[in-house]
Number of protein chains: 2
Amino acid sequence: MKKEEKFKLSNSLRTFIKKKRKELGLTQVDLADKAGVGLRFIRELEQGKRSLQMDKVNQVLILFGYELGPAPMNREKLINEKS
Amino acid sequence: MKKEEKFKLSNSLRTFIKKKRKELGLTQVDLADKAGVGLRFIRELEQGKRSLQMDKVNQVLILFGYELGPAPMNREKLINEKS
DNA sequence: TTATTATATACCCTTTAGGGTATAAATACA
DNA sequence: TGTATTTATACCCTAAAGGGTATATAATAA
């Protein structure tokens with residue numbers, strides 16, 4: 001496993017956040033402020049850091065009406081997903 | 001907000017894990033070993049600690065074929081969910 | 001081009017997640 | 001009952017999450 005892969009999470013979350021943020025026309029700074037988290041956190045989130053704390057992630061997701069939950073993995077994605 | 005509520009996460013995850021674990025007839029110790037996390041972590045997870053790290057949670061969920069992902073919140077649950 | 005804004009990287013620092021372990025309480029089973 | 005198993009609580013400790021901030025590198029506009 002390459003070193004960076006250790007820090008990448010399933011693309012869905014990072015792209016989800018980035019997409020939602022753009023849709024609302026927010027900068028990372030805006031989002032950090034609204035969510036009450038640090039700017040560094042938003043960056044690590046959008047860059048796919050795996051070890052983020054759930055509560056912080058949820059502070060962001062809630063702004064979009066979402067929250068973290070268990071979702072069935074699909075193996076197709078596992079195979080095809082680019083790291 | 002009562003003090004303990006700060007540490008409770010949406011019931012879905014904690015009950016999901018507990019239910020899946022029971023279905024497989026595993027003890028907390030078994031699950032901790034299989035997931036490669038500490039026993040303490042499994043306990044905090046099943047007790048609803050909010051600030052758990054996503055990667056650790058995923059190590060557990062993967063055993064069940066699941067992973068953390070953004071899920072739309074339903075307001076019904078927000079209102080009715082017992083803390 | 002240059003100025004402005006957004007994003008990324010790097011560092012210091014405090015707080016805390018979580019491992020390990022011992023003990024206590026609860027549950028199951030003879 | 002008592003005994004074994006499972007789960008919960010409490011403590012110490014190390015590694016790292018993440019806040020703040022300064023700097024660097026895009027990206028966009030004038």
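Numbers restart at 1 for each chain; the letters A, B, ... are given by sequence-line order, proteins then strands. As a basis for the values below, the full set of heavy atoms in this structure was taken, side chains included, without hydrogen atoms, waters or symmetry mates.
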Report the distance from atom [atom1] of [X] to atom [atom2] of [N], rounded to the nearest whole Å.
| X | N | atom1 | atom2 | value |
| --- | --- | --- | --- | --- |
| A:R14 | C:dA8 | CZ | C1' | 13 Å |
| A:R50 | D:dG18 | CZ | P | 15 Å |
| B:E46 | C:dG18 | CD | P | 15 Å |
| B:R21 | D:dT5 | CZ | P | 17 Å |
| B:Q53 | C:dT16 | CD | P | 14 Å |
| A:L45 | D:dG19 | CG | P | 11 Å |
| B:N58 | C:dG18 | CG | P | 12 Å |
| A:K56 | D:dG19 | NZ | C1' | 9 Å |

Give a yes/no answer on whether the side chain of [X] brings an N or O atom under 4.0 Å of OP1 or OP2 in [N].
| X | N | answer |
| --- | --- | --- |
| A:K22 | C:dT7 | yes |
| B:T27 | D:dT6 | no |
| B:Q28 | D:dA8 | yes |
| B:K49 | C:dA17 | yes |

Would you mind reporting whether [Y] and [X] have side-chain heavy atoms less than 4.5 Å apart?
| X | Y | value |
| --- | --- | --- |
| A:I17 | A:L61 | yes |
| B:F41 | B:V57 | yes |
| B:L68 | A:L13 | no |
| B:R50 | A:N58 | no |

Pick out the pairs of N or O atoms, protein on one side and nucleotides 23-28 of chain C on the other, that lie under 3.5 Å.
none

Rounded to the nearest 0.5 Å, what separation is found between the [atom1] atom of [X] and the [atom2] atom of [Y]?
| X | Y | atom1 | atom2 | answer |
| --- | --- | --- | --- | --- |
| B:I42 | B:D33 | CD1 | CG | 9.5 Å |
| B:S12 | B:K19 | OG | NZ | 12.0 Å |
| A:L31 | A:K20 | CG | NZ | 12.5 Å |
| A:D55 | A:L52 | CG | CG | 10.5 Å |
| A:Q59 | A:L45 | CD | CG | 11.5 Å |
| A:E44 | A:K56 | CD | NZ | 11.0 Å |

Would you mind telling me which of A:R40, A:K18, A:E46 makes a side chain to side chain donor-acceptor pair (under 3.5 Å) with A:Q28?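 Going through the options one by one, the only one that passes is A:E46.
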With a non-hydrogen cut-off below 4.0 angstrom, is B:V29 in contact with a base, only sugar-phosphate, or nothing?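 Since no nucleic acid heavy atom lies under 4.0 Å of B:V29, the category is nothing.
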5'-most by nearest nucleotide on DNA chain C - A:D55 or A:K18: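 Its nearest nucleotide being more 5', the pick is A:K18.
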What does the list of N/O pairs under 3.5 Å between the protein and nucleotides 9-12 of chain C look like, with a distance for each?
unit_1 : atom_1 : unit_2 : atom_2 : d
C:dT9  : OP2    : A:Q47  : OE1    : 3.1
C:dC11 : N4     : A:R40  : NH1    : 3.0

Which is more 5' along DNA chain D, the nucleotide nearest A:G36 or the one nearest B:L39? Just name the residue.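 Here B:L39 is the residue nearer the 5' end.
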Hydrophobic cluster identity match, B:M54 and B:F16, side-chain contacts under 4.5 Å: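 Same hydrophobic cluster.
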Return the angle between end axes of the helix from C:dT7-D:dA24 to C:dA30-D:dT1, with five pairs used per end and rounding to 10°.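 Terminal axis comparison yields 50°.
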Using the side-chain heavy atoms of B:F41, tell me which of these nucleotides is nearest: D:dG19, D:dA17, C:dG18.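 Nearest listed nucleotide: C:dG18.
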